[in-house]
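Reviewing the structure listed below.
For ligands, and for the atoms within them, numbers begin at 1 and follow the listed sequence. Just so it is clear, the structure is predicted and the values come from calculations on it, not from any experiment.
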Amino acid sequence: MYYSDELVEEVRQRNDIVDIISGYVNLKKKGGNYFGLCPFHNEKSASFSVSPGKQMYYCFGCGAGGNVFTFIMNYENYTFAEAIKLLADRAGIALPEIEDSKEAREKENRRKTLLQINKEAATYFYYQLRAPQGRVGLDYLKGRQLSDETMNRFGLGYSNKTSSDLCQYLRHKGYPDELIRESGVAVFNEKYGMSDKFWNRVMFPIQDVNHRVIGFGGRVMGEGEPKYLNSPETPVFDKSRNLYGLNFARTARQDNIILCEGYMDVIAMHQAGFTQAVASLGTAFTSGQANLLRRYTENVILSYDSDGAGVKAALRAIGILKEAGLTGKVLNLEPYKDPDEFMKNLGREEFAKRLSQAENTFFFELRMMQKQYDLSDPEAKTKFYNEIAKKLCGFSEEVERENYTEAVAEKYNISMESLKKLVTGYAAKMGMAAEVIRPKQPVQQKNTPKEQQENVQKLLLTWLVEEPHLYKKIKKYITPLSFTNELYRQVAQELFPKLEEGKPNPAAIISRFSQEEEQREAASLFNTKLPYMQQDMESQSQVQEREKAFHDIVVKVKRNAYEQDLKASGSDMEALSRVISGRQELDELEKTHISFD
Ligand SMILES: [Zn+2]
């Protein structure tokens, strides 16, 4: 932080959040809160809420949330220092000369410079493409039938055949070698010193959702290896948390996002009007990217190459989407290899039709599996059916499993009766009978145990903010160390002393985090809906029900912390001492009735 917590807090308090956001978003009052169309994602109905009481905003659609600082930072694409400057000016507060935390300031300056270098490099590449020496690149892109407008939109460029002209250009602009190297546009070699990382390549600047260039992908001209080369990860480029094209796709106003394999697929699709296309960044699709997508859509359509490698990648991506709770569908591009080729041959209308016919991932998986079996051979056929049954066991929800069993039976012309038998038989054989027959669990069952534990921790924090008086009932058992999630622990460290004073201050806590991801996550803590909301007039049984739910949550958090300590106690003396007292506290807590009075 640049400024003292008190000053940051003063600036925040003197800028009412409803006032500030009204300047950007049309807000309507509804009950105690204000609602409007979210400026951070596309929507037709207002799910963006602003709470004057909490002095926070939260979008129930995309999860964007925070206080006045985060709003200005995200909306204006400002750093924290810029946001506080704007808000301090607005409130007539004079900011002192920046005095403290040299380290934080240096880190921020470094990030800023790296972004500048990326931007300079993108500009440089851009002009090279349009200069005589960029001819080879331009011819290539024109050959791919990209229009000038498309090339400009994506800021496409070209890196020359000379080995260090970009480095020279950046040096000339005054950037130090160390940062040029760190930005990833240059490589270093003991013998030759610093040289350009990219040469003789068509350049694809990679932008984050705020349109800042954070890295590059480059496609070699002619027969070089590798065909595609990407920037390394840097302090501003985290491949697993960005997607190519998302800066445009997030405002595409479509109910789906198309996930493709490469830069060219994305660009070709955008040019054809499918502006909801994105691609992972020269690496396989990751769960971080799936979580990022989940902010903008629930439906992801996979558009991977129809060759062996593409199918393999698609199957992998399907698993990741499922884990993230997203619905996936797979686009069938046959007989063509990729979307670009498909559209060139059959046109955009036909592509749109294929999009609407995209195949359910389950059937896609079956269809791919089927290719390994010769169905004219009875033995192979039996094996295939058994594999189907095994896959059907994967649906733990009975209705869903029944529906799929029925659909599969029809599609593959198997009698429903025998397929059902196979499924049950398979389940029993695998000792999964209980699993399969078990009715649907009310809790989200897609979560891993770790996620479930974190959800409970989150719920407890939310509950304490909503009903601060409950803090004194649990403080004997729960400390910030009880939170195994690092971010939640930090929030608890900030929140608990305030609860002790009876003055929780969520909006102030948000300012403690400097990364957008953390601010968002912290903001969501204070805006999650509790499963048991406090009613105006509660009946005795309602109160009891809430007391029980609260008690369950506290016990779970405590038990989880205890188990964590137990695991660590072999090597960690502090954990060992916590284990001893923790066991007693846990026993006591389990027997204790927490009353809401
Ligand atoms: Zn939103």
Side-chain angles (χ1 to χ4, degrees), residues 16-78 80 83 207-212 241-243 245-259 275-278 288-301 321 324-327 444 455 458 462 465 487 506-507 509-511 513 515-530:
D16 180 70
I17 195 154
V18 178
D19 270 5
I20 297 289
I21 296 185
S22 303
Y24 299 90
V25 179
N26 192 5
L27 294 174
K28 288 211 170 65
K29 191 152 195 234
K30 225 194 269 173
N33 291 330
Y34 290 79
F35 282 85
L37 291 175
C38 178
F40 304 113
H41 88 284
N42 266 313
E43 60 174 9
K44 292 181 182 103
S45 60
S47 45
F48 180 78
S49 70
V50 182
S51 157
K54 287 186 196 156
Q55 285 292 305
M56 292 176 63
Y57 66 95
Y58 188 72
C59 173
F60 292 95
C62 68
N67 60 14
V68 269
F69 295 123
T70 49
F71 184 84
I72 296 295
M73 286 161 72
N74 288 322
Y75 194 98
E76 300 280 10
N77 194 8
Y78 277 3
F80 180 76
Q207 290 165 275
D208 66 8
V209 290
N210 296 317
H211 304 284
R212 291 179 297 204
R241 299 203 179 276
N242 286 285
L243 284 152
L246 188 60
N247 51 325
F248 299 126
R250 71 170 186 154
T251 51
R253 302 195 180 273
Q254 294 293 329
D255 70 350
N256 59 62
I257 281 185
I258 308 172
L259 180 62
T275 55
Q276 76 270 43
V278 301
Q289 290 171 331
N291 287 329
L292 183 62
L293 281 181
R294 198 170 50 181
R295 276 193 216 156
Y296 305 103
T297 189
E298 282 170 13
N299 305 310
V300 177
I301 302 180
L321 289 174
L326 287 161
T327 313
Q444 290 172 295
N455 276 343
K458 181 173 176 172
T462 304
V465 174
L487 180 98
I509 290 176
I510 307 291
S511 318
F513 297 96
Q515 295 293 315
E516 186 193 338
E517 257 332 290
E518 295 171 341
Q519 288 167 347
R520 179 187 285 270
E521 180 70 26
S524 81
L525 279 175
F526 306 127
N527 292 281
T528 306
K529 278 229 166 69
L530 289 169

task: Give me the one residue out of Tyr24, Tyr296, Phe71 that meets ring-ring contact (aromatic ring centres under 6.0 Å, His included) with Phe40.
output: Phe71
task: Determine the minimum heavy-atom distance between Cys59 and Phe48, stating which atoms define it.
output: CB-CD1, 4.0 Å
query: Taking all non-hydrogen atoms of both residues, which atom of Ala252 and which atom of Thr275 are closest, and how far apart?
result: CB-OG1, 3.4 Å
query: When you look at Ser49 and Phe60, which way does the side chain to side chain contact (heavy atoms under 4.5 Å, CB included) test go after all the steps?
result: CA-CA 8 Å; Ser49 70; Phe60 292 95; 3.5 Å; yes
- line: Closest non-hydrogen atoms of Ala83 and Ile72, given as atom of the first, atom of the second and distance, are CB-CG2, 3.8 Å
Shortest non-hydrogen separation from Gly36 to Leu27 and the atoms involved: N-CD2, 3.9 Å
task: Sort by chain and number the protein N/O/S atoms that are closer than 2.8 Å to the Zn ion (ligand 1), and list them.
output: Cys38 SG, His41 ND1, Cys59 SG, Cys62 SG
